[in-house]
Structures are given as C-alpha cells and as structure tokens.
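A note on names: the letters A, B, ... follow the listed sequences, proteins ahead of strands, and every chain is numbered from 1.
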Amino acid sequence: MNNTVFVLADCNNFYVSCERVFDPSLDNKPVVVLSNNDGCVVSRSNEAKSLGIPMGAPYHKYEQVIKNNNVAVFSSNYQFYGDMSERVMDSLKIMNNSLEIYSIDEAFIRLKNPKNLNIFNKILTTRENVSKWTGIPMSFGIAHTKTLSKIANRIAKKKTNVGVFDIRQDDVCDKLIKKMPVEDIWGISVNWGIRLRSLGVSTIYDLKKSNPGFIKKNLGIVLERIVYELNGIPCLDLEESSPKKNIMSSKSFGKPIEDLKHIEEALSSYTSRACEKLRSQKSKCKGIYVFIKTNSFQPHRPQYRNGLSFEFELPTSDTRIIVSKAKEIMKIIYRKGFSFHKCGIILLDLVPENHKQSHFFAYNDNDSQEEFMNLVDNLNKSMGPKTLFYLSQGINKEWQMRSNNRSKRYTTKWSEILEVN
DNA sequence: TCTGGGGTCCTAGGACCC
DNA sequence: TCTGGGGTCCTAGGACCC
C-alpha cells in the first residue's frame, strides 16, 4: 500500500453558506441560490434539499414550492463568493502546503509520509479553524487516492456528525462501497453508468473488483485509471495551479435580443471581462472563437447558431484589439430576424505574456499597449469593477442579465459593507 | 415569461508523410 | 492489372467536472 494520503476538502452548500455568514437569521431555514440570470438553482441548504428541490432545477418550475415554504432566494453574487472562496483556500494553505484548488469550493490536500501523524485529528483541527476564521462549514474525506477521497468526502457529508471521514481501512471501505451506485464515483455520470451496468457493474465495489484491462478495452483509459484508484493505486496526482489553457466569457441575455448593436455591446462587455482574466493570469491569446445562439429550450421558435474562430498574427491581451476583432466576427455570424439568447467568446491557445515570439512582418507595439491595459486594470481594481469601461459595451444595456435578489457584496465593496445597528 | 457559466481531457477520424 | 502499412499531427465533438 502506498504511503501518500489525499484529503478532499469541500465546502458544504457553499453559496448558501456564504449568505449565512453575513445573515445568521438564515440558519436552519431553507435557502437557495440561483445561477446567473436567476435561471437555475445551483446551491441549496439542507432544508431546501429536504423539500425536494433538485440541483440545477429551473427556478420557474419550483417557484411555487419555494413560495409555499418560505424559501429564501438569492441571485448569485460571484464577487462575494469568489472572495469568500479565497479566504477558505488561504486558511487551508496556512495549514497544508500541498494544495490543489479544484473548484470554487473544493481543494485536494496531499500529505506525504504521514506515518507519525494523527491525520484524523489534524484534519478535525483544520476543519474547526476554517469554520472559526471564515464561518464556512466544510467536509473532509481522507484516503489513499483522489478518487477514494471523493468517496470518503461524500460519506463525511452524509453520514457523520464531525464532517471528517477516513476510508483507508480496506474492510471499512468495501462494506460502504458495496452499497454505493457506480455513478457516485467522481468521473462517472449517467452515460457511463449505463454502459457499466450493461457489463454487469453496478456498485462501486463491482468496479473496484473489475479487470482493469477489460475496462480499458471496453470503456477507455479514463475508466481504467478509476479502477486502479479505487484499489488504492494513485493515478492522479495533485495538479498545482497551472494557468488556464482557454478562457471563456459568455452569458445569456436578460431577455431575447434581435438587434446586432445590442449583441455587439454584450459581446464587448464579455470580451472585456475575458481579457481581464487573461491579463490577471499573465497570459496572451493566439486566437479567439466567437459564437451566438438562439434559445434551444424553445424549439418551436426559429433556431440558429453559429461560431467562428480567428488567429492573430501575434499573441495579444489588448482588450481593444480583441474586442474589435470579436465584433468583426460577430458581424459575419449574425443573421437578421432571429431572437438571440446568448453569445460569448473563448480566448484560445493561451501563452505566457513574456513569450515574445517576434513576427518578422507584424507591427509590434507591445510596450505601449501593455502600459495602457495595466493602467485600466489597476484603476478598476482600486476603484471597483467597471469604473473604466469601453463605450462599445453600451450604457443602457438592454441585454443585462436578471439578478433580482442579489445580496450585498459585503467583502469587496465599501458601499455594501455590513452595518450593525 | 422564466432552463448557468466555465473549464478539462480523451478519442476518432482525416490529412499527410514515407 | 496491381493500390500497404505505419506513423504523426490536428480538429471536432463527446464526456465529464463543479
């Protein structure tokens, strides 16, 4: 048996928990947080889960249940959640060096040579400290591989009071996973569940006992790795922060839009956001992909979708260059007479910003461009997002997303700081 | 009326080469 | 008349994740 230990740390009902930190009257009450545009339910308190509101449910379908049960409803407030996430991750980092931030509310911790350590107690302390420092409740799963730590985490969340579960004992593990469906594994969803079941594999234990070669032949290398991981043989290591390879920014509009001018405004705004992210990870992009689509949830309406990519002569992170090219592409893919629902941009093939592959013919004015963009970024950082923005993003914003119940940005905006009376 | 947004990795198949 | 086999690279699309 290998000696490395992986711990998956996961925030409980993260967005709801964030809201509760600044409004304790929400404790023990049903609470949901909606996606952008108030579209779907993306975070639920345990009380809301008990009411049968599923993850990802369209809000409008559950509006009645929500009203009847006095469920508190919040629009998503990503500035706030992002900041709370940073606090949680920083807390984890103080206590554990090897950390992989896997998503806004999850991180893997790797403990090397943990022989002389009482891991369970160490993790209990970690959990207490995060709760004390940030107010966010977490669950922890301890195991020999990442895949098993995910399973341990699920058990910690559902079946323990302390929020920590160690699954390293083989007999303990086997007993539990005999009762768990194969779809409870990280990386196995409905589709693969169906194929596995057709091969006679229906529980996690069944998959653990499968022949890796047979699984590889029938389902590919990803599933084969999972079989090894279930047996305590790590195939996945910590992936310490690597820069993104693509950056996307897209949103559905607050209402259907036909006018090219409004679409261009929205696109400018999303592009500008994508470029900020690009520069903040110190990258440039070699190309872009721009797309537009009608609402596929309304199949009786005329449907249209299109997208087109473009490659720059030189990698760039200049908002002005990227916005103007994105708008050119939009003019090509746009068609008059459709009600559009969403558009977006993906920045492709990102390279480090100092990777200056000079092009013999291309005009190169990088330095003054970079100075200008830095100025804009710094100003927006210190004075608040969108202090300075491009006129092409529009003023009236016909396309602005719906966000009717957003809480205050308690931790990132002075004007919205919590007041105690 | 109202169904999110942002990622990663793998595979199959075509183009091309020797 | 005969028309291989093996390799690489690229891309689109599928599957998964939170």
Side-chain angles (χ1 to χ4, degrees), chain A residues 8-15 32-44 53-64 66 73-78 81-82 85 100-108 146-147 150 153-154 182-196 216-226 235-236 239 241-256 266 270 273-274 277-278 281 287 289 291 293-299 301 307-309 311 339 341-350 401-405:
Chain A
L8 176 66
D10 189 320
C11 300
N12 300 345
N13 313 333
F14 182 55
Y15 301 160
V32 298
V33 175
L34 306 179
S35 64
N36 275 334
N37 246 330
D38 293 346
C40 304
V41 174
V42 291
S43 182
R44 305 157 296 154
I53 303 168
M55 181 66 179
Y59 173 53
H60 67 93
K61 279 196 186 166
Y62 286 84
E63 218 172 346
Q64 211 50 52
I66 284 169
V73 177
F74 290 89
S75 301
S76 48
N77 186 345
Y78 285 104
Y81 307 147
S85 171
E100 172 190 342
I101 298 174
Y102 178 70
S103 73
I104 194 164
D105 68 340
E106 262 179 79
F108 288 100
K146 278 179 152 182
T147 304
K150 274 275 197 180
N153 187 283
R154 176 183 275 265
V182 75
E183 291 88 353
D184 280 0
I185 300 173
W186 180 43
I188 296 187
S189 184
V190 191
N191 263 286
W192 275 358
I194 292 169
R195 290 176 63 188
L196 281 165
K216 182 178 182 182
K217 200 168 140 236
N218 285 281
L219 295 138
I221 195 170
V222 179
L223 266 281
E224 185 198 23
R225 281 204 284 254
I226 290 177
C235 301
L236 308 167
E239 288 173 29
S241 68
S242 51
K244 301 257 178 292
K245 296 170 182 172
N246 299 301
I247 289 175
M248 164 148 78
S249 180
S250 78
K251 271 187 199 65
S252 30
F253 310 129
K255 60 181 186 188
Y270 306 162
R273 177 75 194 113
K277 288 196 242 173
L278 180 68
Q281 75 158 38
Y289 176 80
F291 64 90
K293 53 188 285 200
T294 50
N295 190 345
S296 54
F297 287 104
Q298 299 185 334
R301 291 268 189 78
L308 192 63
S309 54
E311 203 172 316
S339 269
H341 172 246
K342 181 177 188 171
C343 75
I345 182 166
I346 307 176
L347 309 180
L348 305 165
D349 300 325
L350 310 191
M401 72 171 182
R402 290 183 301 275
S403 180
N404 295 325
N405 303 292

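Between A:Asn37 and the phosphate of B:dT3, there is no side-chain N or O to OP1/OP2 separation shorter than 4.0 Å. Under 4.0 angstrom from either OP1 or OP2 of B:dT3 there lies no side-chain N or O belonging to A:Ser35. When the side-chain nitrogen and oxygen atoms of A:Lys277 are compared with OP1 and OP2 of B:dG7, one or more of them lie within a distance under 4.0 Å. One finds no side-chain N or O of A:Lys255 lying less than 4.0 angstrom from the OP1 or OP2 phosphate oxygen of B:dC2. Distances shown here put every side-chain N or O of A:Gln298 at or beyond 4.0 Å from the OP1 or OP2 atom of B:dT3. Between A:Asn246 and B:dG6 there is no side-chain polar atom (N or O) within less than 4.0 angstrom of OP1 or OP2.
A:Tyr102 is linked by a ring-ring contact (aromatic ring centres under 6.0 Å, His included) to A:Phe108, A:Trp186, counting only residues two or more places apart in sequence or in another chain. In this structure, the salt bridge (charged side-chain N to carboxylate O under 4.0 Å, His left out) partners of A:Glu100, at least two apart in sequence or on a different chain, are A:Lys146. Residues passing the salt bridge (charged side-chain N to carboxylate O under 4.0 Å, His left out) test with A:Glu63, sequence neighbours excluded: A:Lys67. Every residue meeting the salt bridge (charged side-chain N to carboxylate O under 4.0 Å, His left out) condition with A:Lys255, not counting sequence neighbours, appears here in chain and number order: A:Glu398. Residues satisfying the ring-ring contact (aromatic ring centres under 6.0 Å, His included) criterion with A:Phe14, sequence neighbours excluded, are absent altogether. With sequence neighbours left out, the ring-ring contact (aromatic ring centres under 6.0 Å, His included) criterion links A:Trp192 to no other residue. Every side-chain contact (heavy atoms from CB on, under 4.5 Å) that A:Leu348 has, sequence neighbours left out, goes to A:Asn246, A:Tyr289, A:Ser309, A:Ile346.
In this structure, CD1 of A:Ile53 is placed 16 Å from C1' of B:dT3, rounded to the nearest angstrom. Atom pair A:Asn295:CG and B:dT3:C1' shows a separation of 8 Å (rounding to whole Å applied). A:Leu347 has its CG atom 12 Å from the P atom of B:dT8, to the nearest Å. Between the C1' atom of B:dC9 and the CG atom of A:Leu236 lies a distance of 11 Å, rounded to the nearest Å. Atom-to-atom, CD1 of A:Ile66 to C1' of B:dC2 comes out at 12 Å; the value is rounded to the nearest Å. Following rounding to the nearest Å, A:Gln281 (CD) and B:dG6 (P) show an atom-to-atom distance of 14 Å. For the pair A:Lys293 NZ and B:dT3 C1', the computed distance is 11 Å after rounding to whole Å. Taking atom NZ of A:Lys61 as the reference point, atom C1' of B:dT1 lies 14 Å away to the nearest angstrom.
A:Ser296 comes within contact range of no nucleotide atom at all, as no heavy-atom separation falls under 4.0 Å. Using a 4.0 Å heavy-atom cutoff across all strands shown, A:Ile221 reaches sugar-phosphate atoms only and no base atom. In this structure, A:Ser249 reaches the sugar-phosphate backbone alone: every heavy-atom distance under 4.0 Å involves primed, P, OP1 or OP2 atoms, never a base. Note on A:Tyr59: nothing from the nucleic acid sits closer than 4.0 angstrom, heavy atoms only. Residue contacts shown for A:Ile247 are limited to sugar-phosphate atoms, with no base heavy atom under 4.0 Å away.
Here the side chain of A:Arg273 pairs no donor or acceptor atom with the backbone of A:Ser249 at under 3.5 angstrom. For the pair A:Asn36 (side chain) and A:Met401 (backbone), a donor-acceptor distance under 3.5 Å is absent.
Nearest-nucleotide assignment on DNA chain B puts the 5′-proximal partner with A:Pro256, out of A:Pro256 and A:Lys342. The 5' end of DNA chain B is approached more closely, in terms of each residue's nearest nucleotide, by A:Asp38 than by the other of A:Asp38 and A:Lys244.
Taking atom P in both B:dC2 and C:dC18, one finds a spacing of 29 Å when rounded to whole Å.
Distances were taken from every side-chain heavy atom of A:Arg402 (C-beta onward) to each of B:dC2, B:dG4, B:dG5; the shortest belongs to B:dC2. In the set B:dT3, B:dT8, B:dG7, the nucleotide with an atom closest to the side chain of A:Cys40 is B:dT3. Listed candidates were B:dG7, B:dT3, B:dG5. Nearest to the side chain of A:Pro58 is B:dT3.
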Treat a base pair as Watson-Crick or G-U wobble with both distances under 3.5 Å, then lay out DNA chain B in dot-bracket form, 5' to 3', with | for cross-strand pairs. ....||||||||||||||
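Side-chain contact annotation: A:Ser75 with A:Asn404, donor-acceptor N/O pair under 3.5 Å absent.
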Under a 4.0 Å heavy-atom criterion, the protein footprint on nucleotides 10-18 of chain C, written with B, S and -, is ------SSS
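Note: A:Cys343 SG to A:Lys293 NZ = 11.5 Å, rounded to the nearest 0.5 Å.
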